[in-house]
Number of protein chains: 2
Amino acid sequence: MVSDSSSKRLTIYDLARLAETSPSTVSAVLNGTWQRRRISKKLASKILSLAQSEGYSANMQARALRRERSGIIGMILPLYDNRYFSSIAQHFESEARRRGLFAIVSCTNRDPKQECEAARMMLAYRVECLVCTGATDPDTIAQMCAESGVQSINLDLPGSKAPSVISNNREGARQLTHAILNRLTEEKRSDDPVLFIGGRDEDHNTRERIAGFKQAREEVGLATAEENILPCDYAADKAQAALETYLRNRSTLPSAMFVNSTISLEGIVRGLQLNGYYLDDIIFGCFDWDPLAAAFHPRLMMVRQNVIEMIDRVFELIDTPPRDPQLLIEVQPEIMGV
Amino acid sequence: MVSDSSSKRLTIYDLARLAETSPSTVSAVLNGTWQRRRISKKLASKILSLAQSEGYSANMQARALRRERSGIIGMILPLYDNRYFSSIAQHFESEARRRGLFAIVSCTNRDPKQECEAARMMLAYRVECLVCTGATDPDTIAQMCAESGVQSINLDLPGSKAPSVISNNREGARQLTHAILNRLTEEKRSDDPVLFIGGRDEDHNTRERIAGFKQAREEVGLATAEENILPCDYAADKAQAALETYLRNRSTLPSAMFVNSTISLEGIVRGLQLNGYYLDDIIFGCFDWDPLAAAFHPRLMMVRQNVIEMIDRVFELIDTPPRDPQLLIEVQPEIMGV
DNA sequence: CGAGCATGCACAATCGGTTGTGCATAGCGT
DNA sequence: ACGCTATGCACAACCGATTGTGCATGCTCG
């Protein structure tokens, strides 16, 4: 290992000098096209072992520039702070790696401005494709990508200008609601009200989940009072406040709750603890999955979105871009703890 | 917006043609050096508005190649799946952004091979600095970076070949243990055994935490039996199995437990629930922080590592690289729920 | 023995910016 | 009118890889 005194990194020109050959030959050997270019096996292995021993590493910027392909695939993500988004990032990364792509992920804090800024950076780094996860404004980003000739795909929340892969929120919510109602029936409390809490009214997923919730109740002959639907935003504090307001107006605790995310669940649980309620009495269904929470509460059922399949679908769309930009793929989530 | 028919992206050469000037002038204007290069304000604003209206975006690969600076800063991370690592990634990203750097983060699943592979990729993309978080083998990576002339910094777990920023694990554990012991005293159970469980014997942080645990007990005159120290690995299953084995050999549950991470806590809680124990009787101290878990258990105290300060320290080291490669910076964590 | 082909490699253009340098022209002072 | 500086910009050489093309040399075959 000859650590170059200049501390500059080795290039194919340096290797060419060392191997007494030309840069183009070195390049051909190092990127595997040497057979096609009729480089002798002898010279090839000489160059390869030299590259190895000198610790050569190709300059990806130069390669990307010349090839007009960066080898980078981008994702924007609201946050990392729950298992759902974390595992999305993780699977995206490993799947990208498997395909020889380098994944870069940017958190945008559910802020449309940051989303745009991140998308702009990714486009500047010439990502070959951009996956837009849970974006507040996916269409703007799809538009930006289209103008740069870059493919984009929406994940988790659908858009209208690029194909989307999302969970089947309505069906997941329907099944979760049925699971809740079944528990209530087992406990002879089938007529008790169930509170739907958390999420945003404007957001596609919340609307679908509310629809699934109502549908399930209807299927067992129950009407749903609007006062029991509280899309108070996802944030823990908002959920906690909404719950406390709700409780102030009535004498009894609901026997069961459909909570729209783990972050909302955090506020709910905190609020109940602070107000001295006994948690284990309540049946929880949470449209989200967290194994630690599941371990804590014996009657907490959770919806685990099928992240692996969602990411698979995303890459299928990347491999064979659909004609229809409005294509919507729904993936079935799984109900845990039933 | 003239969407180029060729669908190729605009370059400074295109802009130069449109503005009837030279590429070098366009470049100077777009990267802000035009005053120094005595370009007239008039021409500058013409080029700027043209770039704006045509949606020009500089090719970062080309820029990086010429400038010999990628503008990229890298981080390798074991996982995203807990709040600690997630927030590390998030703060790293936003701090990098604030400094005009583009952050790329790779998950390596605590696998030394993946760590090396990720580091190699990052070096190939010519990161200007690599932050190595919770690496199983930080020194190998530090070595790779050094050979490429790239600065590297260890985070969370220390190494000997690059400066490190970690939590003060011993002091955090000492304080957490005191908090546990105080609770026990309040409840007149101060002589009950406390179980330390989770983590890896070989890992620096676990060793320090065990030391802090023992020290705190010693400070109140308690000896620590080795049978009550179970560094059974972090994984939930391992922790659950270790706990079940432990319980099989004695008649009573420990009144309190020091659990070495939320992932271990998951296994512990699950094991206790499955075996019919009443969780709320137990005092938990967990060297990790998860607000949802904290909401669930009224007697769960948690150590929240000061991620913001740790990331700040990392960037200070990047700004002014220390002479001593063995420099170790310890950041005080906070005890939550006392 | 010479045409023709295969073999093995080097040359040089190129990707899109950046930056040192040089060359006109204008303005100014004497 | 002449020299001098300041102004405003263009030229061209890079950065490090990729790739179309071309040129020797050696070998085969009629």
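Predicted model only: the values in this text are computed from it and were never measured. Numbers restart at 1 for each chain; the letters A, B, ... are given by sequence-line order, proteins then strands.
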**Report entry** Nearest-angstrom distance from the residue atom CZ of B:R67 to P of C:dG20
**Finding:** 12 Å
Query raised in the report: In terms of side-chain heavy atoms of A:S22, which of C:dA10, D:dC9, C:dC15 is nearest?
Result: C:dA10
Query raised in the report: Between the side-chain atoms of A:R66 and the base atoms of C:dT14, is any donor-acceptor pair under 3.5 Å?
Result: yes
Query raised in the report: Any idea which of D:dA17, C:dC9, C:dG17 is nearest the A:T21 side chain?
Result: C:dC9
Query raised in the report: Nearest to the side chain of A:R38, which nucleotide is it out of C:dC9, D:dA10, D:dG16?
Result: C:dC9
Query raised in the report: If you check every side-chain atom of B:E68, which of D:dC15, C:dG16, D:dA17 has the closest atom?
Result: D:dC15
Requested in this report: Would you kindly say whether B:Q305 and B:Y84 are connected by a side-chain donor-acceptor distance under 3.5 Å?
Outcome: yes
Query raised in the report: Taking side chain as C-beta onward, heavy atoms only, is A:L317 less than 4.5 Å from A:L327?
Result: yes
Query raised in the report: Any N or O donor-acceptor pair linking the side chain of B:R126 to the base of D:dG16 at under 3.5 Å?
Result: no
Query raised in the report: Are B:S70 and A:Q61 linked by a side-chain donor-acceptor pair shorter than 3.5 Å?
Result: no
Query raised in the report: For the side chain of B:R37, counting heavy atoms from C-beta on, which of C:dT18, D:dC9, C:dG20 is nearest?
Result: C:dG20
Report task. Assign each of A:S40 and B:Y56 to its nearest nucleotide of DNA chain C by heavy atoms, then name whichever residue's nucleotide is nearer the 5' end. Result -> A:S40
Query raised in the report: Donor-acceptor pair under 3.5 Å: do we get one between A:S24's side chain and the base of C:dC11?
Result: yes
